[in-house]
Amino acid sequence: MKTEKCCDAPDSLTREEAAAALGVSTYWIDRLARENKLTKNLQKRITQSSLQRFQIGNAKKIDAAKAEVLHAYDIGLSMNLIEIVADNAIRDHSILLPGKPTARQFTYQTIYNYVMKEKKHG
C-alpha cells in the first residue's frame with residue numbers, strides 16, 4: 001500500500017502558502033519551523049493552527065512595539081532616539097514584521113498612522 005505524499009488537507013499549508021500568509025520569504029518559514037514556532041505535520045506541511053497561533057502572538061508583539069514607539073514620540077524624543085527604541089523593541093520581542101521593514105520604516109509608518117488618525121478624529 002502506498003502512502004500519499006501530497007494531501008490537500010485544509011488544515012495544512014505549503015511553505016510558500018505560509019510565507020504568503022505572513023508576508024515573508026520561505027527562509028523565514030523554515031527558520032520559524034526550526035525554532036519550533038511553527039509546526040509541521042507528517043507530510044512536512046505547516047499546520048494551520050500553528051500559523052494562526054504565531055500570527056496572533058506576533059500581532060500582539062507588533063502592537064507592543066508600536067506602543068513603545070508612540071510613547072517615545074509622545075514624550076518628545078528625537079527621531080533618532082525613537083528609531084533606537086523601535087529597533088530595540090523589534091529585537092527584544094523577536095517580532096517578524098511583514099515585508100521586513102527596517103526599524104526606521106517601522107518608526108515612520110507607526111508615527112504617520114498615529115498622526116493621521118489624530119488629525120482625522122480631531
Side-chain angles (χ1 to χ4, degrees):
M1 207 183 267
K2 267 190 168 178
T3 312
E4 296 210 14
K5 276 204 167 207
C6 181
C7 80
D8 293 336
D11 62 339
S12 65
L13 303 164
T14 64
R15 291 174 42 230
E16 292 78 14
E17 292 167 337
L22 290 178
V24 296
S25 68
T26 55
Y27 165 81
W28 287 101
I29 298 301
D30 292 338
R31 182 174 173 180
L32 292 169
R34 279 193 307 273
E35 294 172 358
N36 293 323
K37 293 181 181 178
L38 293 177
T39 55
K40 293 184 176 183
N41 63 13
L42 296 176
Q43 288 82 24
K44 303 285 186 194
R45 293 168 58 96
I46 305 297
T47 61
Q48 186 75 30
S49 60
S50 72
L51 183 68
Q52 288 171 345
R53 274 193 310 273
F54 179 79
Q55 286 175 317
I56 291 168
N58 196 50
K60 289 178 183 177
K61 291 176 184 179
I62 290 171
D63 290 342
K66 285 180 180 178
E68 288 182 37
V69 168
L70 293 177
H71 176 69
Y73 176 75
D74 286 340
I75 63 173
L77 293 181
S78 70
M79 290 307 288
N80 288 339
L81 291 175
I82 296 173
E83 284 179 40
I84 293 169
V85 168
D87 188 50
N88 289 339
I90 292 167
R91 290 173 195 261
D92 290 346
H93 296 299
S94 299
I95 299 171
L96 182 62
L97 297 170
K100 295 300 290 172
T102 63
R104 172 175 279 197
Q105 292 167 326
F106 178 77
T107 299
Y108 282 95
Q109 189 63 47
T110 300
I111 292 172
Y112 175 80
N113 291 342
Y114 173 73
V115 170
M116 295 310 285
K117 182 179 167 188
E118 289 298 311
K119 274 188 172 181
K120 192 176 193 180
H121 293 287

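Everything numeric here is computed off the predicted structure, so don't read it as measured data.
In this structure P101 satisfies the side chain to side chain contact (heavy atoms under 4.5 Å, CB included) test together with L97, Q105, sequence neighbours excluded. By the side-chain hydrogen bond (donor to acceptor under 3.5 Å, both in side chains) test, T47 is found to be paired with T39, S50, residues two or more places apart in sequence or in another chain being considered. Remark: Q52 pairs with no residue by the side-chain hydrogen bond (donor to acceptor under 3.5 Å, both in side chains) rule, at least two apart or across chains. When the side-chain hydrogen bond (donor to acceptor under 3.5 Å, both in side chains) test is applied to N36, no partner is found at least two apart in sequence or on another chain.
Y73 places a side-chain heavy atom less than 4.5 Å from the side chain of V115. In this structure the side chain of L22 reaches within 4.5 angstrom of the side chain of F54, judged on heavy atoms.
Within the structure, the side-chain hydrogen bond (donor to acceptor under 3.5 Å, both in side chains) test picks out the following pairs touching residues 79-101 (sequence neighbours left out): E68-H93, E83-R104, D87-R91. Applying the side-chain hydrogen bond (donor to acceptor under 3.5 Å, both in side chains) test to every pair with at least one member in residues 54-66, sequence neighbours left out, gives no pairs at all. Judged as a side-chain hydrogen bond (donor to acceptor under 3.5 Å, both in side chains), the pairs with a partner in residues 18-32 (not counting sequence neighbours) are, in order, R15-T26, R15-D30, R31-E35.
Heavy-atom minimum distance, N41 versus S12: ND2-CB, 3.3 Å. Closest approach of L13 and E17 over heavy atoms only: CA-OE1, 3.3 Å. Taking all atoms of both residues into account, the shortest heavy-atom contact from I111 to L70 is CA-CD2, 4.4 Å. Closest approach of K40 to K44, counting heavy atoms only: CD-O, 4.0 Å.
When the side chains of ILVMFWY residues are joined at heavy-atom separations under 4.5 Å, either directly or via intervening members, V24 and I90 end up in two distinct hydrophobic clusters. Taken together through direct or relayed side-chain contacts under 4.5 Å among Ile, Leu, Val, Met, Phe, Trp and Tyr, L38 and I95 form parts of separate hydrophobic clusters. Taking hydrophobic clusters as Ile, Leu, Val, Met, Phe, Trp and Tyr residues chained together by side-chain heavy-atom distances below 4.5 Å, I62 does not share a cluster with L96.
One distance of note links CD1 of I56 with CZ of R53; it measures 9.0 Å at 0.5 Å rounding.
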**OP:** Test side-chain contact (heavy atoms from CB on, under 4.5 Å) on V69 and Y114 and set out the steps.
**Re:** CA-CA 10 Å; V69 168; Y114 173 73; over 6 Å; no
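Hydrophobic side-chain contacts under 4.5 Å tie Y112 into a cluster, directly or through other members, with M116.
Heavy-atom neighbours of I75 CD1 from other residues, nucleotides or ligands within 6.0 Å: above the threshold of 12.
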